[in-house]
Amino acid sequence: MTDLDAVDPLAPLRDLFDLDDDVVYLDGNSLGAPPRAVAERVQEVVRQQWGRRLIRSWSEGWWEAPQRVGDRIGALVGAAPGQVVVGDSTSVNIFKALMAAVRGTDRGEVVVDAGTFPTDGYIARSVAELTGLDLRPAAPDALEPTGRTAVVLLNHVDYRTGRMLDMAAVTEQVHAVGAKVVWDLCHSAGVLPIELDALGVDLAVGCTYKFLNGGPGAPAFLYVPTAAQAEFEQPLTGWTGHRAPFAMEDAFTPDPGIARGRVGTPDILSMLALDAALDVWDGVSLADVRSKGLKLTAYFRSLVEDLPGVEVITPADEWRGHQVSLRHPDAAALMEKLIARNVIGDHRPPDVLRFGFAPLYTRYSDARRAAEALAEVL
């Protein structure tokens, strides 16, 4: 596979990441690898911006960071400037989005993907309980939204199987009954070409520590289209979402723009680490990223699908994200053995092995080494 690596147009980008050559890292769908520039940037933030400029740094770029970094992410998910804000966690942003979507509704239910990532399901249940709406779990192929449906919460890419939903078709289906849709982009932002504006998506959230390489605990993002911002009434009316935060007014008046999605003081160290990590995307075509991701996953699949006792549960067609998930009864033990061989993926109970392929730094030789190691431990 060295020939494929030699002709890979994205191959030079691997040098932007701090990775050991003897480690095959296929877990970027859980925690992205660190871009080399991040450590230097964080050191500069600590020593100069915090250390020398002290509180003056708030008026020298810190305060606007959630919107500025949000615009950089917006460019990767098909959102025009002024529609993405960075801050808080994915769970908190899901709560904001769902509560805003159902505020004032005369409809009776919240629909959530029955196999969703746990936090999405937990938050959806909390929102339903707080608002008196019914919660209806449904498989993506059987959503069946109706006139009772206020909002549908879905994962663009399933975290277990890697299956990708048709965002355009599902958004149209939900809108056809007058309901709203909230998309969770945690497993697609940074690897799939996403067109939030073009598809008329109501709301979207996502994390930045997976394929966006923002680092552990990096702040999440929230997308609210410009046309919907005046009516976006989120439940967490923190001071930084106020129209005039430093006026210290008693009454809360939301910012007229995307800043109304903010809550508390921004986590500057993590925020600016993420900002530095996003530099690796400068000049990168998401079409090229997607093309390589499909080739990498297809190649790995071809090497493992005939291994004894292994079932590939990731779709073989183009309706997949950038991971390959395998089912095996001894998945946990197998992953431990792979990690001991410096092949790092992860395990999801009870029997799923996950291998994530981040095209900016994953090589075809990594896919082959991982497949060979799996064959050995089997």
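What you are looking at is a predicted structure, and each value in this text was computed from that prediction instead of being measured. Position 1 is the first residue of the sequence, and the numbers go up from there.
- Screening residues 222-234 for salt bridge (charged side-chain N to carboxylate O under 4.0 Å, His left out) gives Arg103-Glu233 as the qualifying pairs, with residues at least two apart or on separate chains.
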In a table with atom names and distances, give each donor-acceptor pair under 3.5 Å that connects a side chain of residues 308-319 to protein atoms at least two apart or in another chain.
| unit_1 | atom_1 | unit_2 | atom_2 | d |
| --- | --- | --- | --- | --- |
| Thr314 | OG1 | Thr161 | O | 2.6 |
| Thr314 | OG1 | Ser325 | N | 2.7 |
| Asp317 | OD1 | Trp319 | N | 2.9 |

Would you sort out whether Gln48 and Gln43 count as a side chain to side chain contact (heavy atoms under 4.5 Å, CB included), showing the intermediate values? CA-CA 8 Å; Gln48 298 300 322; Gln43 185 179 67; over 6 Å; no
Extract all donor-acceptor atom pairs below 3.5 Å that involve side chains of residues 327-336 and protein atoms in other chains or at least two apart in sequence.
| unit_1 | atom_1 | unit_2 | atom_2 | d |
| --- | --- | --- | --- | --- |
| Arg327 | NE | Asp351 | OD1 | 3.4 |
| Arg327 | NE | Asp351 | OD2 | 3.4 |
| His328 | ND1 | Asp330 | N | 3.0 |

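- At least one side-chain heavy atom of Phe17 sits less than 4.5 Å from a side-chain heavy atom of Val280.
- Taking CZ from Arg41 and CG from Asp279, the interatomic distance works out to 5.0 Å, rounded to the nearest 0.5 Å.
- Note on ring orientation: taking the six-membered ring where Trp is involved, the planes of His156 and Trp183 are perpendicular (angle over 60°, cut-offs 30° and 60°).
- We find the CZ-OG1 distance between Arg136 and Thr146 to be 6.5 Å, quoted to the nearest 0.5 Å.
- Under a 3.5 Å cut-off, the side chain of Arg341 and the backbone N or O of Ala370 do not form any donor-acceptor pair.
- A heavy-atom distance below 4.5 Å is not found between the side chains of Leu196 and Pro225.
- Checked by atom type and distance alone, the side chain of Arg36 pairs as donor or acceptor with a backbone atom of Asp15 at under 3.5 Å.
- Side-chain N or O atoms of Asn213 include none that pairs as donor or acceptor with a backbone N or O of Pro35 at under 3.5 Å.
- Note that CG of Leu353 is 11.5 Å distant from CG of Leu26, once rounded to the nearest 0.5 Å.
- Within the 3.5 Å criterion, the main-chain N or O of Ala287 finds no donor-acceptor partner in the side chain of Ser291.
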Distance-only check: which donor-acceptor pairs under 3.5 Å involve side-chain atoms of residues 266-277, not counting sequence neighbours?
| unit_1 | atom_1 | unit_2 | atom_2 | d |
| --- | --- | --- | --- | --- |
| Asp275 | OD1 | Arg72 | NH1 | 2.6 |
| Asp275 | OD2 | Arg68 | NH1 | 2.9 |
| Asp275 | OD2 | Arg68 | NH2 | 3.4 |

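- Distance alone, capped at 3.5 Å, is enough to place a donor-acceptor pair between the Lys96 side chain and the Gly261 backbone.
- Contact detail for Ala189 and Leu212: the closest heavy-atom pair is O-CG, 4.0 Å.
- Pairs of residues two or more places apart, or lying in two chains, never qualify as salt bridge (charged side-chain N to carboxylate O under 4.0 Å, His left out) while including a residue from residues 164-191.
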For this session: Applying side chain to side chain contact (heavy atoms under 4.5 Å, CB included), run through Leu326 and Phe355 and close with a yes or a no.
Result: CA-CA 8 Å; Leu326 312 177; Phe355 300 90; 3.7 Å; yes
Give the C-alpha distance, both sets of side-chain angles, the deciding distance and a yes or no for side chain to side chain contact (heavy atoms under 4.5 Å, CB included) between Leu153 and Thr116.
CA-CA 9 Å; Leu153 171 63; Thr116 191; 5.6 Å; no
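- The aromatic rings of Tyr299 and Tyr364 stand perpendicular to each other, their planes meeting at an angle above 60°, with 30° marking the opposite boundary.
- Taking CH2 from Trp281 and CG from Leu13, the interatomic distance works out to 9.0 Å, rounded to the nearest 0.5 Å.
- Between the side chain of Ser57 and the backbone N or O of Gln49 there is at least one donor-acceptor pair closer than 3.5 Å.
- Following chains of ILVMFWY side-chain contacts shorter than 4.5 Å, one cannot reach Val110 starting from Val177, and the two form parts of different hydrophobic clusters.
- Salt-bridge formation is not detected for the pair Glu60/Arg56: no Lys NZ or Arg NE/NH1/NH2 atom is positioned less than 4.0 Å from an Asp or Glu carboxylate oxygen.
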Verdict with supporting geometry, Asp197 and Tyr223, side chain to side chain donor-acceptor pair (under 3.5 Å): CA-CA 10 Å; Asp197 286 352; Tyr223 163 81; 2.7 Å; yes
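- From Lys292, atom NZ reaches atom OG of Ser285 across 13.0 Å, with rounding to the nearest 0.5 Å.
- Between Asp5 and Arg368 there is no salt bridge, since no side-chain nitrogen of the basic residue lies less than 4.0 Å from a carboxylate oxygen of the acidic one.
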| CA sep, side-chain torsions, deciding dist, call: Arg262, Gln67, side chain to side chain contact (heavy atoms under 4.5 Å, CB included) | CA-CA 9 Å; Arg262 293 173 59 166; Gln67 292 97 288; 2.9 Å; yes
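- Put simply, the side chain of Pro145 reaches to within 4.5 Å of the side chain of Gln173, judged on heavy atoms.
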>> Show, in sequence, the C-alpha distance, side-chain angles and deciding distance for Trp63 and Phe246, and conclude whether the ring-ring contact (aromatic ring centres under 6.0 Å, His included) test is met.
In response: CA-CA 12 Å; Trp63 187 260; Phe246 294 97; 4.9 Å; yes
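- The shortest distance between side-chain heavy atoms of Val343 and Arg369 does not fall below 4.5 Å.
- Judged by distance alone, with hydrogens and angles left aside, the side-chain atoms of Thr362 form no donor-acceptor pair with the main-chain N or O of Pro359 at under 3.5 Å.
- Distance alone, capped at 3.5 Å, is enough to place a donor-acceptor pair between the Arg107 side chain and the Thr149 backbone.
- In summary, Arg148 and Asp134 engage in a salt bridge, as defined by a charged side-chain N under 4.0 Å from a carboxylate O.
- With Arg260 contributing its side chain and Asp255 its backbone, the two residues share a donor-acceptor pair below 3.5 Å.
- One finds the CG atom of Leu165 at 5.5 Å from the CZ atom of Arg163 (value rounded to the nearest 0.5 Å).
- Proximity of a side-chain donor or acceptor of Gln229 to a complementary backbone N or O of Gly82 within less than 3.5 Å is detected.
- With sequence neighbours excluded, the residues satisfying ring-ring contact (aromatic ring centres under 6.0 Å, His included) with Phe252 are His242.
- Ion pairing between a basic and an acidic side chain is recognised when a charged N comes within 4.0 Å of a carboxylate O; Asp8 and Lys295 show no such pairing.
- At least one side-chain heavy atom of Leu192 sits less than 4.5 Å from a side-chain heavy atom of Arg290.
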